[in-house]
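Chain identifiers are assigned alphabetically (A, B, ...) following the order of the sequence lines, protein sequences preceding nucleic acid strands; residue numbering begins at 1 within each chain. Hydrogens, waters and symmetry mates play no part in the numbers below; they use all other heavy atoms, side chains included.
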There are 2 protein chains.
Amino acid sequence: MRDRPDLAAMTETLSRALVEAERPVLAEHGLTMWAYVVLLALGDRPLRTQAALAESIGADKTRIIAVLDGLQGRGLIDRVPDPGDRRARLLSLTPEGRRVRDAARRGIRAMEERVLARLAEEDREPFLRALRTLSALAPGFP
Amino acid sequence: MRDRPDLAAMTETLSRALVEAERPVLAEHGLTMWAYVVLLALGDRPLRTQAALAESIGADKTRIIAVLDGLQGRGLIDRVPDPGDRRARLLSLTPEGRRVRDAARRGIRAMEERVLARLAEEDREPFLRALRTLSALAPGFP
DNA sequence: TATTGTTATACTCTATAACTATA
DNA sequence: TATAGTTATAGAGTATAACAATA
């Protein structure tokens, strides 16, 4: 294996650039990064508590409150007390929330395709496969 | 291309895990992440000003001062006023600084090998090549 | 006056602690 | 008493502004 920068140095540089490239795409849909992450998480399956949502996206429960306020104010999510336990808030996407999420995701995928186009064609699949593998293992390295 | 998480989501997860995995390795050598980055940058070539160093590692010039204080205090770097322009500080690694840098880098490489071992053998080279390519392009993504 | 390095200050992000309401 | 959500507070990390030394 020939000389190269440290892995973390390369992934940090790449990651910051990708996040920066996502920002204007998300802004077209009025979304911040956290708002987008919340829409993605709720899209998979509605959740019964905000704490569960925070947990699932690796955020503190206090950090997503303003995000939920914004999304609810725009009508992108529903957030209603659980009739069975009125301490909890049932969270789910509205149809409009689903539409915005899908549009934002399409925009991001288009940006990503332009990035991946810079790779040699034969490296793309292995790169994505390896990235998937390592990011899935990531919480518990080595 | 089949469904997958967003690129940025995967690189962020991976990057944080790698940085976290580096931390204890660097700590064995008494280094923080920034101190290690400074040692690497100075190892390539001595620099004439702290501003140039900060620029080269993408940090604010005010942020590296405490780092340089620490490295100088441990005798890992030399930091002397330029006789030709005493406003500037000539920065370079001491032999001990070079030794610590090399030892830390070896430790990090060993950790990275354990991480890369989780990949299919045939994906490793393409992954590293793609990561190099994209991180080199990163500052100016489309 | 302009530049290098430094210190002081402010801002952003995040986490912790304290509070309200339900149970 | 315990839990979900919220608000208030405090702590990192970082950037900006002000300052001292040198040119």
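With rounding to whole Å, Met33(A) atom CE is found 14 Å from dC13(C) atom C1'. Going from atom CG of Leu68(A) over to atom P of dA4(D) covers 15 Å, rounded to whole Å. The CD atom of Gln50(B) sits 13 Å away from the C1' atom of dT3(C) (whole-angstrom rounding). Rounded to whole Å, the distance from CD1 on Ile64(A) to P on dT7(D) is 13 Å. Following rounding to the nearest Å, Glu12(A) (CD) and dT14(D) (C1') show an atom-to-atom distance of 15 Å. Residue Leu47(A) contributes atom CG, which lies 14 Å from atom C1' of dA4(D) at whole-angstrom precision. Distance CZ (Arg63(A)) to P (dT7(D)): 17 Å, rounded to an integer number of Å. Between the CD1 atom of Ile57(B) and the P atom of dG13(D) there is a distance of 15 Å, rounded to whole Å.
Checking dG5(C), dT14(D), dG5(D) against the side-chain heavy atoms of Ala51(A) singles out dG5(D) as nearest. Checked against dA4(D), dT7(D), dT6(C), the side chain of Ile65(B) finds its nearest nucleotide in dT6(C). The side chain of Asp60(A) lies closest to dA15(C), out of dG5(C), dG5(D), dA15(C).
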Using a 4.0 Å heavy-atom cut-off, write out nucleotides 17-22 of chain D from 5' to 3' as B (base contacted by protein), S (sugar-phosphate only) or - (no contact).
B----B

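Considering only heavy atoms from C-beta on, Leu131(A) comes within 4.5 Å of Thr11(B) through its side chain.
There is a path of hydrophobic side-chain contacts, each under 4.5 Å, that joins Leu76(B) to Leu40(B).
Of the possible polar contacts, one joining the Arg124(B) side chain to the Leu116(B) backbone as a donor-acceptor pair under 3.5 Å is found. Thr94(B) places a side-chain N or O within donor-acceptor distance of the main-chain N or O of Gly75(B), the cut-off being under 3.5 Å. Of the possible donor and acceptor atoms, none in the side chain of Arg129(A) sits under 3.5 Å from a partner among the backbone N and O of Ala120(B).
Ranked by how close their nearest DNA chain C nucleotide is to the 5' end, Arg79(B) and Asp82(A) are led by Arg79(B).
Phosphate contact (OP1/OP2 of dT14(C), side-chain N/O of Trp34(A), threshold under 4.0 Å): present.
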Assess whether side-chain contact (heavy atoms from CB on, under 4.5 Å) is satisfied between Arg74(B) and Leu31(B), documenting all intermediate values.
CA-CA 11 Å; Arg74(B) 285 179 59 197; Leu31(B) 297 175; 3.8 Å; yes

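Using a 4.0 Å cut-off between a side-chain N of Lys or Arg and a carboxylate O of Asp or Glu, Asp6(A) and Arg109(B) qualify as a salt bridge.
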